[in-house]
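Have a look at the structure below, then the notes.
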Amino acid sequence: MKSIMAALLALAVSVPAAFAGEISDKAAEAEKLLQSGDGAGALEKFHSGEEALWKAMPLGVMNVKQVDTASGFGIYSERANHVYKPGEQVVLYMEPVGYGYGSDGLGNSSIALSVDLTVLSEAGEKLGTFEKIGRVQVASRSHNRELFFKLDLSLTGLPPGKYRCDFVMHDENSSKTAPFSTDVEIAG
């Protein structure tokens, strides 16, 4: 728990000043509760600090992997390489962070994210842009933070060669966006 507290305090330094005090104050309160033997209370207070951090941070995309399979958060089989046969599907696994929460009108929090793609040649020439090629929407009674996004990508029609795929993730519950990239090669 101490290492988690240290990480939360370290992250508090990098967020806007209005939130930094709130985050570190909640972490300090959680530490006091833990020291007094109130583990459940400490965890609840810690989560309120995490909530403040989450609201303050930008949208981000962590752990982007090209995978063979993905079935849950942290549950994936990473692909051995980024070389694909013509017509073979590219499967991406990613973990978005910092997204906002809406409401589904039924008492649930709603997470809604979409992804745009721009494909570039090895020389950097823009070959095409495609909007909302993937979307995830989740409704939950809590503010889930362990969310994975699996994107099945078809690059059918691209000739053999190396390409860069530039993505932009959009949070549909806020104005936050996050760019990320990955390289692929279509075998000849």
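Numbering of residues begins at 1 and proceeds along the displayed sequence.
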### Query
Hey, is the main chain of Val91 close enough, under 3.5 Å, to the side chain of Asp152 for a donor-acceptor pair?
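No, because the side chain of Asp152 does not come within donor-acceptor range (under 3.5 Å) of the backbone of Val91.
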#### Entry: Exam field: side chain Asn144 to backbone Glu146, donor-acceptor pair closer than 3.5 Å
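A pair under 3.5 Å: no.
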Donor-acceptor list for residues 180-188 side chains, cut-off 3.5 Å, not counting sequence neighbours:
residue	atom	partner	partner atom	Å
Ser181	OG	Asp166	OD1	2.6
Thr182	OG1	Gln66	NE2	2.8

### Message
Using side chain to side chain donor-acceptor pair (under 3.5 Å), reason through His170 and Ser114 one step at a time and then give a plain yes or no.
### Response
CA-CA 5 Å; His170 299 272; Ser114 63; 5.4 Å; no
### Message
Tell me whether the rings of Tyr99 and Trp54 are parallel (<30°), tilted (30 to 60°) or perpendicular (>60°).
### Response
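Geometry flag for Trp54 against Tyr99: perpendicular rings.
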### Task
Determine, stepwise, if the pair Asp116 / Ile133 fulfils side chain to side chain contact (heavy atoms under 4.5 Å, CB included).
CA-CA 6 Å; Asp116 299 341; Ile133 60 164; over 6 Å; no
### Message
Taking the basic N atoms (NZ, or NE/NH1/NH2) and the acidic carboxylate oxygens, is any pair closer than 4.0 Å for Glu50 and Lys26?
### Response
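Looking at Glu50 and Lys26, the cut-off is not met.
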### Query
So, are Lys65 and Glu95 salt-bridged, with charged N and O less than 4.0 Å apart?
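Salt bridge absent between Lys65 and Glu95.
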### Message
Just to verify, what does Lys176 make a side-chain hydrogen bond (donor to acceptor under 3.5 Å, both in side chains) with, not counting sequence neighbours?
### Response
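Lys176 satisfies side-chain hydrogen bond (donor to acceptor under 3.5 Å, both in side chains) with no other residue.
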### Query
Between Leu92 and Phe167, is any pair of side-chain heavy atoms under 4.5 Å apart?
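Side chain of Leu92 against side chain of Phe167, heavy atoms only: contact under 4.5 Å found.
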### Message
Is it the case that the side chains of Thr129 and Thr118 hold a donor-acceptor pair, with the cut-off being a distance below 3.5 Å and no angle test?
### Response
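On atom types as modelled, these side chains qualify, holding a pair under 3.5 Å.
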### Message
Here's one to test your reading of the geometry: is the NZ or CZ of Arg145 within 45 degrees of the ring axis of Phe73 and under 6.0 Å from its centre?
### Response
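Relative to the ring axis of Phe73, which defines the angle, Arg145 lies outside at least one limit.
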### Task
For Leu34 and Phe46, run side chain to side chain contact (heavy atoms under 4.5 Å, CB included): C-alpha distance rounded to whole Å, both residues' side-chain angles, the deciding distance at 0.1 Å, then the answer.
CA-CA 10 Å; Leu34 185 61; Phe46 182 80; over 6 Å; no
### Task
For a side chain to side chain contact (heavy atoms under 4.5 Å, CB included) with Tyr163, tell me which candidate from Leu127, Leu120, Leu155 qualifies.
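Single side chain to side chain contact (heavy atoms under 4.5 Å, CB included) partner of Tyr163 among Leu127, Leu120, Leu155: Leu127.
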### Task
Could you give me the CA-CA distance, side-chain angles and deciding distance for Lys45 and Lys32, then say whether side chain to side chain contact (heavy atoms under 4.5 Å, CB included) is met?
CA-CA 10 Å; Lys45 187 57 71 176; Lys32 286 179 188 174; over 6 Å; no
### Query
Please walk me through it: do Arg164 and Glu122 pass salt bridge (charged side-chain N to carboxylate O under 4.0 Å, His left out)?
CA-CA 7 Å; Arg164 187 177 83 218; Glu122 187 174 22; over 6 Å; no
### Message
Rounded at 0.5 Å granularity, tell me how far OG in Ser110 sits from CD in Gln137.
### Response
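Nearest 0.5 Å value for the OG-CD distance: 4.5 Å.
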### Message
If I take atom CG from residue Leu117 and atom NZ from residue Lys132, how far apart are they, to the nearest 0.5 angstrom?
### Response
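Reported value, rounded in 0.5 Å steps: 15.5 Å.
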### Ser77 and Thr69: CA distance, side-chain angles, deciding distance, side chain to side chain contact (heavy atoms under 4.5 Å, CB included) verdict
CA-CA 5 Å; Ser77 174; Thr69 61; 3.5 Å; yes
### Heavy atoms from other residues, nucleotides or ligands near CD of Glu44 exceed 12 (cutoff 6.0 Å)
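Not buried by this count: 12 neighbours or fewer within 6.0 Å.
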### Query
Under 6.0 Å from the CD atom of Glu78, do we count more than 12 heavy atoms belonging to anything else shown?
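Enclosed.
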